[in-house]
Amino acid sequence: MDSLFSLSGRTAIVTGGARGLGRMIAEGLVVAGARVFVTSRDPDLCCAAATEIGAEPLVGDAGSPEGIAAIGATFRATGAATLDILVNNAGRTWGAPLETFPDKAWPGVFAVNVQAPFRMVQEFLVELSAAGRAERPSRIINIGSAVGVAYTDLPAYSYIASKAAIHQLSRKLASDLLPRNITVNAIQPGYFATSMTAFLTEDPQSHLEEQIPMRRLGRPSEIAGAVIFLASDAGSYLTGVELPVDGGLVGCR
């Protein structure tokens with residue numbers, strides 16, 4: 001059973017892996033035995049987080065084509081020739097009332113949440129293909145969101161739309177990459193204690209936990225466990241799957 005979920009000998013990249021959900025995921029992959037690289041635009045944060053969790057830093061902007069190309073070059077300079085696991089986690093949001101939601105809230109959010117994961121796949125397609133085998137495919141895991149599926153009253157219009165888009169993009173990539181022995185799945189997290197959700201989790205008036213069927217926030221081990229499952233031998237027969245990790249937000253409504 002231990003070997004079923006072991007990631008020993010595998011190499012992973014987690015974008016936005018220095019904080020929030022990305023750090024939870026990266027730390028879980030390290031514990032499962034993988035060699036893990038984390039990305040962040042902030043050099044100090046990236047290096048500190050990598051040291052703390054036993055990962056390696058890839059300083060760069062995983063939200064822009066130029067930054068992704070630089071991340072790819074840095075990764076190859078480490079001597080890594082293959083990539084078993086790519087977790088596209090880096091994200092961006094914007095909130096404003098419907099009447100004043102600005103045009104500028106759309107391009108940046110879609111660039112980071114949809115275009116960048118696609119560009120990461122392009123950048124590392126050679127390494128992912130080299131690692132993939134029929135009996136053990138390489139894995140792409142895109143971090144979507146439960147709010148891209150379930151109703152929410154959050155006025156984050158571009159974010160919600162972008163997460164619905166990454167779910168659909170994941171299905172398309174899953175079909176296209178099967179001949180290369182690469183699986184593609186999406187995780188739909190609910191509410192976890194991160195900087196992105198702090199405006200809700202730290203506001204007693206939001207009554208956030210009352211909106212979650214399980215009446216609590218997600219734990220770091222739960223998002224990490226879902227990624228480990230999809231990345232390990234236990235998840236090798238899954239592709240094109242959307243996995244809610246959300247305390248029932250999607251499944252109980």
Side-chain angles (χ1 to χ4, degrees), residues 5 12 14-32 36 38-40 42 45 48-50 52-55 62 87-96 109 112-113 117 141-167 170 185-232 234-235 241-253:
F5 295 96
V14 181
T15 66
R19 71 175 90 198
L21 282 183
R23 177 167 173 150
M24 299 175 196
I25 291 166
E27 189 166 9
L29 294 175
V30 169
V31 171
V36 179
V38 296
T39 79
S40 174
D42 184 328
L45 177 65
E52 289 167 7
I53 66 175
V87 182
N88 285 311
N89 163 77
R92 183 175 178 182
T93 190
W94 195 299
V109 169
V112 174
N113 295 358
I141 301 170
N142 293 324
I143 305 302
S145 175
V147 302
V149 183
Y151 167 78
T152 177
D153 58 3
L154 293 175
Y157 298 98
S158 55
Y159 178 80
I160 290 166
S162 73
K163 290 305 184 179
I166 195 62
H167 301 158
S170 298
N185 295 293
I187 291 180
Q188 300 166 342
Y191 294 106
F192 288 75
T194 68
S195 59
M196 191 177 286
T197 62
F199 74 101
L200 289 171
T201 59
E202 296 173 5
D203 179 8
Q205 300 303 314
S206 72
H207 304 289
L208 178 60
E209 294 188 8
E210 296 176 15
Q211 302 175 39
I212 303 169
M214 292 184 71
R215 296 296 188 268
R216 66 172 177 84
L217 301 179
R219 304 182 182 113
S221 61
E222 291 164 336
I223 188 67
V227 173
I228 291 168
F229 164 60
L230 290 175
S232 69
V241 166
E242 298 169 19
L243 177 62
V245 184
D246 62 356
L249 283 171
V250 172
C252 295
R253 293 181 176 177

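Keep in mind that this is a model prediction, so the values were computed, not measured.
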Practice task
Measure across Ala90 and Thr15 and return the closest heavy-atom pair with its distance rounded to 0.1 Å.
Solution key: N-OG1, 2.9 Å
Practice task
Apply side-chain hydrogen bond (donor to acceptor under 3.5 Å, both in side chains) to Ser162 and list each qualifying residue two or more places apart in sequence or on a separate chain.
Solution key: Asn113
Practice task
Determine yes or no for a side-chain-to-main-chain donor-acceptor pair under 3.5 angstrom, with Thr39 supplying the side chain and Gly16 the backbone.
Solution key: yes
Practice task
Specify the closest pair of heavy atoms between Gly20 and Thr194, including all atoms of both residues, with the distance to one decimal.
Solution key: CA-CG2, 3.9 Å
Exercise for the section: Any pair with a residue in residues 19-29 that passes salt bridge (charged side-chain N to carboxylate O under 4.0 Å, His left out), sequence neighbours left out, goes on the list, sorted by first then second residue, please. Expected result: Arg23-Glu52
Handout entry: From CZ (Arg215) to CG (Leu208), nearest 0.5 Å
Key = 11.0 Å
Completion exercise
Sorted by chain and number, sequence neighbours left out, side-chain contact (heavy atoms from CB on, under 4.5 Å) with Ala26 holds for Val14, Val36, Val38, Ile53
Exercise for the section: Please list, chain by chain and in numerical order, all residues satisfying side-chain hydrogen bond (donor to acceptor under 3.5 Å, both in side chains) with Asp246, sequence neighbours excluded. Expected result: none
Only distances under 3.5 Å count here; give the side-chain donor-acceptor pairs of residues 143-161 to other protein atoms, sequence neighbours excluded, each with its distance to 0.1 Å.
{"residue": "Ser145", "atom": "OG", "partner": "Val147", "partner atom": "N", "Å": "3.1"}
{"residue": "Thr152", "atom": "OG1", "partner": "Leu154", "partner atom": "N", "Å": "3.1"}
{"residue": "Ser158", "atom": "OG", "partner": "Ala105", "partner atom": "O", "Å": "2.8"}

Completion exercise
CG of Leu230 to CG of Asn185, rounded to nearest 0.5 Å, is 5.0 Å
Exercise for the section: Might you point out which heavy atoms bring Ile212 and Leu249 nearest each other, and give the distance in Å? Expected result: CA-CD2, 4.2 Å
Practice task
Supply the atom-to-atom distance Lys163 NZ to Gln188 CD, rounded to the nearest 0.5 angstrom.
Solution key: 10.5 Å
Problem - All side-chain contact (heavy atoms from CB on, under 4.5 Å) counterparts of Ala226, not counting sequence neighbours - result: Ile187, Leu243, Val245
Problem - Student check: side-chain heavy atoms of Val227 and Asn89 closer than 4.5 Å - result: no
Completion exercise
When every non-hydrogen atom of Gly28 is compared with those of Ala224, the smallest separation belongs to CA-CB, 4.0 Å
Exercise for the section: List the atom of Phe5, the atom of Ala234, and the distance in Å for their closest heavy-atom pair. Expected result: CE2-CB, 3.5 Å
Practice task
May I ask you to test the Asn88-Ile141 pair for a side-chain heavy-atom distance under 4.5 Å?
Solution key: no
Handout entry: Shortest non-hydrogen contact between Pro213 and Gly247, atoms and distance
Key = CB-O, 3.4 Å
Completion exercise
Sorted by chain and residue number, the ring-ring contact (aromatic ring centres under 6.0 Å, His included) partners of Phe229 (sequence neighbours excluded) come out as none
Practice task
Report the distance from atom CD of Glu222 to atom CZ of Arg216, rounding to the nearest 0.5 Å.
Solution key: 4.0 Å
